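Notes to accompany the following structure.
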Amino acid sequence: MRCGVVVFPGSNCDHDVYHILKHVLGQEVTFLWHGEDSLRGSELVVLPGGFSYGDYLRAGAMAALSPIMAAVRRHAEAGGLVLGICNGFQMLLESGLLPGAMRRNRNLLFECRDVFLRVERDDLPFTRGYRKGQVLRMPIAHAEGNYIHHADQLESLEEAGRVVFRYVSPEGEVAAEDAAPNELGELWNVNGSINAIAGICNEEGNIMGMMPHPERCAEEILGNVDGLALFSSAVGALEVTA
Amino acid sequence: MSSEPKVDLEMAKAHGLSDEEYSRICELLGRDPSFTELGITSSLWSEHCSYKSSKIYLEEFPTQGEHVLHGPGENAGVVDIGNGWVAVFKMESHNHPSFIEPYQGAATGVGGILRDVFTMGARPIACMDSLRFGEVSAPRMKHLIAGVVRGIGDYGNCVGIPTVGGETGFHRGYNGNILVNAFALGLARRERIFTSRASGLGNPLLYVGSRTGRDGIHGATMASESFGEDSEAKRPTVQVGDPFTEKTLIEACLNIMRTDAVVAIQDMGAAGLTSTSFEMAGKGDMGIRLDLDKVPLREPGLSAYEIMLSESQERMLILAKQGRQDEVAAVFHRWGLEVAEIGEVTGDGIARIYHHGEEKAAMPIGPLSSNAPIYRRPVAVPKDLAQRQQAPEVPDADDLAGSLKRLLDTPEMGSKSWIWHQYDHSVRTNTMVGPGGDAAVLLLKGTPAGLGLVSDVNPVYCGLDPYTGGAQAVAEAVRNLACVGAEPVGLTDCLNFGNPERPEISWQFRECVRGMSEACRSLEVPVISGNVSFYNETGDQSIPPTPTVAMVGLIPDVANVARSHFVAEGDRVVLLGNTHADFGGSAYLRLLYDIEQGRPPSVELSREVQLAELLRYLTFEGWLHTAHDLSEGGLGIALAESCFTAASKGPTLGVGVEVDMPPTWLFSESQGRAIIAVPPEHLDSVLSEAETMNVPAVEIGGVGGQELVVRCDGSVLRAPVDELHRIWATALPRALDL
């Protein structure tokens, strides 16, 4: 599959995504520059993590106005695959391609640690390699990942089954946004996201945004391959991992 | 030069120059310096830039080795790591600014060290930080801790370079002067290394990056003074960081360095444009002409003096090939960065600096640097040393489990995860072992090899015996690297001391360097870069001598790297090395009884060599599941730590051992020791290999269960791992009232 990874000034997970798609999954991958207005034939577009434009305004707010985002929008509206990871998820929210917004993490700190995710949808192009209810371990690395949405719209989001991943305990229990830390001082829902939302999709399921970093856990040597199936699903290369 | 204040001796003194140094510059110029020239001289001859009090000792360091391509003298050292790749690394202090303004001070420390690395043409791939704070209860300390950690995190996270390791210590000796030592490592192809040596008459000097403002003026001079009561007033001398600009600067610089349009490149660090331009020209025996009217300014009205001495961040000076300016500019513009041609290289060896149509400075570059003062400061053994070195009374540990828990419950020994969870340590997907282990392990993608990274120093040992403390820092770093199977290729250091004009401080410095040098020679680790930070004092209270060592090692095959915690039930546990009653400067005496007394444990370098070779060999053979070095807190702490995984969500495993030693010795800090956990089928091979390599090795027990159990001489230490883990994991946040 032809994949495009968008490079904004300040993107810093662009190479990591490129590495997984290209070297681990053997796909055709190209970097797309934020100032361009063409996706150059990419079938899967990834908006990677990082600090686009420094994120000195709200995270992703500036990037949402980049020329390339118009092309991403056209691609998405035509049913093309768009995956936003971390800063990329924030851009999808800021550009209105996905609903909701991000606040600072509950403890106001940047948090880089492994979290546990429960798979809520296994029928999306991105999640066919998982089973519904499966618990994944994945790293997060962000300061603004505290997802929030209007109560009524949140309800319709839930009803439409558009929550793809939720923060859970290692045993798979959903971690409430206001749960107290355990005796080790840990929170399973580190950032305090409403309904423990870690990732959502659009109604058609071709746009997905998530805060955790699947590209950081997709190689055996790093001790965790829970993220690999997401990319192999997306590029239609499930047989690679089978 | 009429618009500038008139310079006299009094003004020179206010700039930190001595009488003698002032006469020296007058003599060198054949006249009184202008105001701008005085500023330039005081910066270049400051301790921070000139190393005038340390140079004679630093020459003792071994700087050559089979891997070394560039030793000290460049922006960062360069070592060959095989497959056509080189590692470029350095560590630098940002102590003074961080004490005044912790967030920006620490952030710009990270920014500065990254620039030192990518200036060489290397892509930065990892950072570490060695931090020393005072007691958490000291005034401002919680604010300093939170600010420093957030500053390091915000900068490193934004530029997307993982912070993979480091160390954090707490001691009342840092109540009035904390330490922030930042390390960065980059990778480059061997043939693509850049230096800062100017050449080519008429080649244009291009200024790229952020605009110049008034921040950081005289930062280098500030770092060459002790703190007095007015340190708060020095806040304007602290620079302000912009990690986004740094990130785009990294990409643009690495981009342009892939062409041949660039002759030399240098970042503007301490003493800003002054040291950058003078160093570049000096190294190439050239002159420079600078037109300061062309320097992009953040606000109008800066004087020549201010422009030359500003330490505004995220700025670089590029010497381009004549006629290639547009090519360079196009790359920087693509990344949204400003470019200005501000001068050229000349052939007369003189720095001529123009502003508003006037020549503000005309200084011979070579003589200014070759005539920089060098001092052999008087040394004296501290008067109270003999008394402090007297052997301490060591209270028996009657309640072994209680002593262990109390140790684990200190910020010093507790988990530092509250700190490193604020650092992105997994971006770039090379981090095989991140913070919390003996050493960080980074993959070298496309090869089976990896790098081990570690930083070490024990300031308490250094305070009690600087020679031994210096040697111990090097030996422990080698041991930590050996635990991940890494063979050292080089070290960089950050030598943090008090005021060298005080004889006992110069003595501490001399002795630490002597100890480090001897250990480096025995363990065959060259010093390839480093930094000296003097004047770490408030009033006349100096910090403990703190020669921080950061070491890098090469792991031939990362597939066999052992972990620092237990991984498999049934593994046999082996103690390597000999244990004696070593309690001088120990964590046991200091943290439980407030005694800082005695001689630190002696470092037997030949034993350290053997131990490191054994650990590397056992790793290479793939016989080790676990390897963990014994350091502060001794065997008791090492066993407990091995029961906890670095990732707090992992399973914990207990261990049961029996050792033949007095119970209190569980907390002895004898050097040259490690514990390993070995699958039973490899135990015989491991023990026989240890015997062959002359390393004492005793099988002391096995991994399993949910308790830590240690039997020694009839006493038993027994504690549930979960409880120990909880104490250890929450000690630091609890101490910080979080």
Side-chain angles (χ1 to χ4, degrees), chain A residues 7-17 19-20 23-24 33-35 48-56 62 86-87 105 107-116 137-143 169-170 181-186 188 190 213 215-224 227, chain B residues 123 146 149-150 153-154 156-163 242-248 250-252 334-337 415 417-418 420-435 443 445-446 448 450 558-559 563 647-651 722-723 725-726 728-730 733-734 738:
Chain A
V7 181
F8 297 89
S11 292
N12 61 35
C13 304
D14 43 351
H15 285 268
D16 300 351
V17 173
H19 171 69
I20 297 301
H23 303 126
V24 178
W33 185 242
H34 70 111
F51 286 74
S52 49
Y53 302 92
D55 279 343
Y56 293 137
M62 298 272 289
C86 198
N87 196 213
N105 292 348
N107 62 4
L108 306 181
L109 299 176
F110 185 97
E111 286 283 351
C112 178
R113 58 170 81 224
D114 280 358
V115 296
F116 294 91
R137 183 163 60 91
M138 230 178 250
I140 55 163
H142 61 249
S169 70
N182 68 9
E183 58 174 15
L184 291 172
E186 298 163 325
W188 303 127
V190 177
H213 287 276
E215 78 280 13
R216 297 190 190 181
C217 51
E219 284 177 284
E220 203 68 62
I221 191 73
L222 293 172
N224 183 359
Chain B
R123 174 169 287 279
V149 171
R150 207 161 48 84
D154 280 2
N157 299 342
C158 183
V159 294
I161 320 282
T163 299
D242 174 3
F244 172 62
T245 298
E246 178 101 341
K247 168 66 177 167
T248 52
I250 292 175
E251 300 303 331
R334 177 177 161 85
W335 287 97
L337 292 161
S415 168
S417 62
W418 178 81
W420 53 257
H421 278 316
Q422 296 184 53
Y423 304 153
D424 192 335
H425 47 266
S426 52
V427 63
R428 300 199 67 79
T429 60
N430 297 316
T431 314
M432 185 178 159
V433 178
L443 305 177
K445 283 201 183 98
V558 292
R563 302 299 159 142
S648 55
K649 283 155 198 155
D722 279 353
E723 184 194 353
H725 187 216
R726 189 172 64 241
W728 174 82
T730 58
R734 271 187 290 113
L738 293 167

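By convention in this document, chain letters (A, B, ...) are assigned in the order of the sequence lines, proteins followed by strands, and residues within each chain are numbered from 1. Note that the structure is predicted; figures quoted are calculated from it, not measured.
In terms of heavy atoms, Leu443(B) sits closest to Ile221(A) at CD1-CG2, 3.4 Å. The two residues His725(B) and Leu184(A) come nearest to each other via the heavy atoms CE1-CD1, 3.8 Å. The shortest heavy-atom contact between Phe51(A) and Asn157(B) is CE1-O, 3.2 Å. In plain terms, the two heavy atoms of Pro243(B) and Tyr56(A) that are nearest each other are CD-OH, 3.2 Å.
In this structure, Gln422(B) CD and Arg113(A) CZ are separated by 9.5 Å, a value rounded to the nearest 0.5 Å. Rounded to the nearest 0.5 angstrom, Glu219(A) CD and Lys445(B) NZ are separated by 6.5 Å. To the nearest 0.5 Å, the span separating CD on Glu215(A) from OG on Ser426(B) amounts to 8.5 Å.
For Arg734(B), no part lies near chain A; criterion is any non-hydrogen pair under 4.5 Å. For Leu109(A), the part lying under 4.5 angstrom from a heavy atom of chain B is the side chain only. Only the side chain of Pro139(A) has a heavy atom closer than 4.5 Å to any heavy atom of chain B. Only the side chain of His19(A) comes within contact range of chain B, with at least one heavy atom under 4.5 Å from a heavy atom of that chain.
Here Asp242(B) is the residue among Thr730(B), Asp242(B), Asp722(B), Val149(B) with the most heavy-atom pairs under 4.5 Å with chain A. Each of Cys158(B), Gly153(B), Gly160(B) has some count of heavy-atom pairs under 4.5 Å with chain A, and the biggest count is that of Cys158(B). Among the candidates Gly10(A), Gly223(A), Gly185(A), the residue making the largest number of heavy-atom pairs closer than 4.5 Å to chain B is Gly10(A). By number of non-hydrogen pairs under 4.5 angstrom with chain A, the leading residue of Arg726(B), Glu246(B), Glu251(B) is Arg726(B).
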If you apply the rule side chain to side chain contact (heavy atoms under 4.5 Å, CB included), what do you find for Asp424(B) with Arg216(A), and how did you get there?
CA-CA 12 Å; Asp424(B) 192 335; Arg216(A) 297 190 190 181; 2.8 Å; yes
Val427(B) and Asp16(A): CA distance, side-chain angles, deciding distance, side chain to side chain contact (heavy atoms under 4.5 Å, CB included) verdict
CA-CA 8 Å; Val427(B) 63; Asp16(A) 300 351; 3.9 Å; yes
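Side-chain contact between Pro9(A) and Phe244(B) is present, with at least one heavy-atom pair separated by less than 4.5 Å.
Using the six-membered ring where Trp is involved, Trp335(B) and Trp33(A) have ring planes that are perpendicular, over 60° apart on the 30 and 60° scheme.
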